[in-house]
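A short write-up of the structure that comes next.
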Amino acid sequence: MKNITLDRIDKEILSFIQDDAERSVADIAEAVGLSQTPCWRRIQRLQAADYIKKRVGLLNAQKLGLSMTVFVQVKAARHDGQWLDKFAQHASGFEEVVEFYRMSGEYDYLLKVLVADMVSFDHFYKRLVNGIDLNDVTSSFAMEQIKYATAIPLNHL
């Protein structure tokens, strides 16, 4: 993807889009002081340069019965490329895993898991550890969500 230089208007467009992806080009154009065609072209350029990965709707996990958030930390059984690839593919295949990171520090991986309840988590856990060699797995259950944001900070631009 080609890197482009972002100006104030690009930053404003990105901010509006990440705040509400359904906002019309006309509304965004008016808010940033452009006519529709130049605004649409900027949005297309930002998409082509991969600054806008995709537009999605954010669902309410609580309303959908996914009231338990669990952070699962995993220590790798081995540190060779074959095992790492196998584990990445294995853990990525679970719908319950909504975020998945390779980490530095004591644990090698961090998974954010959304489930309905403890029974659902136990079912997930058994499938996670089945069929793959792991050194250690520990889980922490979120008691309260203090902040949740999908917006990426843009103040540094």
Side-chain angles (χ1 to χ4, degrees), residues 1 6 10-28 31-32 40 42-157:
M1 302 284 162
L6 301 177
D10 292 325
K11 180 180 167 182
E12 288 178 11
I13 289 170
L14 291 172
S15 182
F16 285 122
I17 287 174
Q18 75 175 345
D19 182 53
D20 181 1
E22 289 187 343
R23 196 165 182 177
S24 71
V25 173
D27 285 346
I28 295 170
V32 300
W40 179 83
R42 281 181 181 250
I43 292 169
Q44 295 299 308
R45 181 179 59 117
L46 291 165
Q47 287 174 326
D50 206 30
Y51 287 95
I52 301 170
K53 297 188 77 56
K54 66 180 175 176
R55 297 182 191 197
V56 298
L58 299 175
L59 305 182
N60 185 328
Q62 294 283 330
K63 283 268 202 198
L64 294 166
L66 298 172
S67 58
M68 185 175 281
T69 301
V70 187
F71 295 92
V72 179
Q73 295 176 292
V74 176
K75 284 186 184 178
R78 298 190 324 264
H79 289 275
D80 61 81
Q82 184 179 7
W83 186 92
L84 298 173
D85 289 344
K86 181 180 177 186
F87 179 68
Q89 184 177 14
H90 176 68
S92 294
F94 293 101
E95 181 183 37
E96 298 93 336
V97 176
V98 295
E99 295 182 46
F100 181 20
Y101 302 93
R102 187 167 56 89
M103 306 293 289
S104 66
E106 184 177 352
Y107 285 88
D108 300 303
Y109 295 94
L110 177 67
L111 290 73
K112 180 179 176 184
V113 177
L114 294 180
V115 291
D117 52 29
M118 188 59 75
V119 171
S120 300
F121 178 72
D122 187 50
H123 179 68
F124 162 79
Y125 177 84
K126 288 173 181 173
R127 290 180 294 134
L128 177 69
V129 300
N130 187 33
I132 191 151
D133 190 23
L134 303 173
N135 188 30
D136 187 27
V137 179
T138 188
S139 302
S140 298
F141 299 86
M143 296 173 24
E144 179 183 12
Q145 183 179 72
I146 306 297
K147 180 180 179 179
Y148 172 79
T150 60
I152 293 174
L154 299 174
N155 290 336
H156 67 285
L157 297 176

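What you see is a predicted model; the values in this text were computed from it and never measured.
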Report the distance from atom [atom1] of [X] to atom [atom2] of [Y], rounding to the nearest 0.5 Å.
{"X": "Leu128", "Y": "Phe87", "atom1": "CG", "atom2": "CZ", "result": "5.5 Å"}
{"X": "Phe71", "Y": "Glu99", "atom1": "CZ", "atom2": "CD", "result": "7.5 Å"}
{"X": "Ile43", "Y": "Ile17", "atom1": "CD1", "atom2": "CD1", "result": "4.0 Å"}
{"X": "Thr69", "Y": "Glu144", "atom1": "OG1", "atom2": "CD", "result": "12.0 Å"}
{"X": "Gln73", "Y": "Asp108", "atom1": "CD", "atom2": "CG", "result": "10.5 Å"}
{"X": "Arg55", "Y": "Gln18", "atom1": "CZ", "atom2": "CD", "result": "12.0 Å"}

Quick one: closest heavy-atom pair of [X] and [Y], and the distance?
{"X": "Val115", "Y": "Ser120", "result": "CB-CB, 3.9 Å"}
{"X": "Asp50", "Y": "Lys53", "result": "OD2-NZ, 3.4 Å"}
{"X": "Ala116", "Y": "Ser67", "result": "O-OG, 3.1 Å"}
{"X": "Leu114", "Y": "Ala61", "result": "CD1-CB, 4.2 Å"}
{"X": "Ala77", "Y": "Trp83", "result": "N-CZ2, 3.7 Å"}
{"X": "Leu157", "Y": "Lys11", "result": "O-NZ, 3.9 Å"}

Residues, nucleotides or ligands: over 12 heavy atoms within 6.0 Å of Arg23 CZ: yes

Enclosure of Leu64 CG (heavy-atom neighbours >12, cutoff 6.0 Å): yes

State, with a plain yes or no, whether a side-chain heavy atom of [X] is found less than 4.5 Å away from one of [Y].
{"X": "Val72", "Y": "Tyr109", "value": "no"}
{"X": "Phe124", "Y": "Val97", "value": "yes"}
{"X": "Leu6", "Y": "Leu14", "value": "yes"}

Partner set under side chain to side chain donor-acceptor pair (under 3.5 Å) for Glu12, not counting sequence neighbours: Arg8

Qualifying residues under side chain to side chain donor-acceptor pair (under 3.5 Å), relative to Asp10, sequence neighbours excluded: Arg42, Arg45

Derivation of the side chain to side chain contact (heavy atoms under 4.5 Å, CB included) call for Phe141 and Val113: CA-CA 10 Å; Phe141 299 86; Val113 177; over 6 Å; no

Verdict with reasoning, Trp40 to Ile28, per side chain to side chain contact (heavy atoms under 4.5 Å, CB included): CA-CA 9 Å; Trp40 179 83; Ile28 295 170; over 6 Å; no

Lys/Arg-Asp/Glu bridge criterion (N-O < 4.0 Å) met for Glu106, Lys75: yes

Pairwise side-chain hydrogen bond (donor to acceptor under 3.5 Å, both in side chains) hits with a residue in residues 122-140, at least two apart: Glu96-Arg127, Tyr107-Asp136, Asp122-Lys126, His123-Arg127

Summary of side-chain hydrogen bond (donor to acceptor under 3.5 Å, both in side chains) pairs that have at least one residue in residues 147-157, sequence neighbours excluded: none

Arg78 and Lys86: CA distance, side-chain angles, deciding distance, side chain to side chain contact (heavy atoms under 4.5 Å, CB included) verdict: CA-CA 11 Å; Arg78 298 190 324 264; Lys86 181 180 177 186; over 6 Å; no

side-chain contact (heavy atoms from CB on, under 4.5 Å) involving Ala26 - partner list, sequence neighbours excluded: Ser24, Gln36

Gln82: side-chain contact (heavy atoms from CB on, under 4.5 Å) partners, not counting sequence neighbours: Asp80

